[in-house]
Amino acid sequence: MRRPIIAGNWKMYKTARETVEFFEQFKPLVKISHHCDIVIAAPFTVLVDAVKAAEGSNIAIAAQDLFWEAEGAYTGEISPLMLVDVGCRYTLVGHSERRQLFGETNQNVNKKIKAALSVNLTPIVCIGEMLEEREANQTQKVIQTQFLEGFAGLTAQAFSRIILAYEPVWAIGTGRTATPEIAGEVHEYIRGLADASFGQPGARNLRILYGGSVKPDNIKGLMAQAHVDGALVGGASLNADSFGSIVNF
Ligand code: 13P
């Protein structure tokens, strides 16, 4: 059985004070939630506060991005070791907002995944198609390219340490969730790609999260799908009550 993961992606929201307040409200809501792993991806500036606030709880902290070099003259970038140093255990890689707005390529994603794994940070790698691509029946092709290029050169052992998130771009922040059936279908396709590239048991054990307008009222239907192993939640993770309800689906 694959252990579910419910992860929140705060994107560019929350100050240090808001972070502390969130955890004060959120921790009691998930104190006895042992059925899943709980992760929050916070902005760089509040990672220290989030790690401190989550100390001793069942909540792990993630970064939202990283750079692949260990150190150097890279103004504005954050290295994998710096994230470990402040207590992060996970990092998002290749979020569609990074791909669309900041020129993230599959080749960069590949380097970031390897860099994260080299310091034992668990990458949550995001893939997904845009609306035009879905409408042009290109979904599988887009996903396949992101998968093959993003995971190029990884061993089966390295791949076994990765978490995937399927986030159809047309469902992000739009209130337009993929139906459980659409999500289930793409997740099954992704598991097939994992099998073809890395074999079993890697494909069977791979956890694939769904992301895109996940809310307290649609999480149950999504989680009922055989190949949906959790969620990556944007907007609804900013509020302790709504994220608490999603964790306790
Ligand atoms: P929303 O849940 O706000 O649609 O965002 C999804 C997302 O991008 C999570 O990474």
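A quick note: this is a predicted structure, and the numbers were derived from the prediction, not measured. Every number for a ligand or one of its atoms is a count from 1 in the order of the listing.
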Quick check against the 3.5 Å criterion: does Ser57 have a side-chain atom that pairs as donor or acceptor with the backbone of Lys27? no
Is the shortest N/O to N/O distance between His95 and ligand 1 below 3.5 Å? yes
Ligand-side contact atoms (ligand 1) for residue partner Ser213, heavy atom cut-off under 4.0 Å: 1 (P), 2 (O), 4 (O)
Just let me know how Asn9 lines up against ligand 1, side chain, backbone, both or neither, with a heavy-atom cut-off below 4.0 Å. side chain
Decide, yes or no, whether a salt bridge links Lys112 with Glu104 under the criterion of side-chain N to carboxylate O below 4.0 Å. yes
Near Tyr13 OH, under 6.0 Å, is it more than 12 heavy atoms from other residues, nucleotides or ligands? no
For ligand 1, find out whether one of its N or O atoms is nearer than 3.5 Å to an N or O atom of Gly173. yes
Ligand 1 contact by Ala236, heavy-atom criterion under 4.0 angstrom: no
Ala171 contact mode with ligand 1 (heavy-atom cut-off under 4.0 Å): backbone
Looking only at protein heavy atoms, which one is nearest to atom 5 (O) of ligand 1, and how far off is it? Lys11 NZ, 3.2 Å
Take atom CD of Glu181 as the centre, draw a 6.0 Å sphere, and report whether it contains more than 12 heavy atoms from other residues, nucleotides or ligands. yes
Check ligand 1 against Gly212 and write out every atom of the ligand that is under 4.0 Å from a heavy-atom position of the residue. 4 (O), 6 (C)
Plane angle bin for His187 and Tyr210 - parallel if under 30°, tilted between 30 and 60°, otherwise perpendicular: tilted
Under 4.0 Å from a heavy atom of Glu167: which atoms of ligand 1 are those, numbered in the order shown and with their elements? 6 (C), 7 (C), 8 (O), 9 (C), 10 (O)
The closest protein heavy-atom partner of atom 3 (O) of ligand 1 is Gly235 N, 2.8 Å
Any donor-acceptor pair under 3.5 Å linking the side chain of Arg89 with the backbone of Val39? no
Using a 3.5 Å cut-off on N or O atoms only, is Lys215 in polar contact with ligand 1? no
Counting from 1 in the order shown, the ligand 1 atoms closer than 4.0 Å to a non-hydrogen atom of Ile172 are 4 (O), 5 (O), 6 (C), 8 (O)
Relative to the heavy atoms of Leu232, which atoms of ligand 1 are at a distance of less than 4.0 Å? 9 (C), 10 (O)
Before you tell me yes or no, could you show the steps for His227 and Tyr189 under ring-ring contact (aromatic ring centres under 6.0 Å, His included), namely the whole-Å CA-CA distance, both residues' side-chain angles and the distance that decides it to 0.1 Å? CA-CA 9 Å; His227 293 279; Tyr189 174 70; over 10 Å; no
Donor-acceptor contact present, side-chain Glu97 to main-chain Leu101, <3.5 Å: no
Short N or O distance, Gly211 and ligand 1, threshold 3.5 Å exclusive: no
Does an N or O anywhere in Gly234 fall below 3.5 Å from an N or O of ligand 1? yes
Are any side-chain N or O atoms of Gln64 and backbone N or O atoms of Lys11, one a donor and one an acceptor, separated by less than 3.5 Å? yes
Pair Arg3 + Asp229: basic N to acidic O under 4.0 Å: no
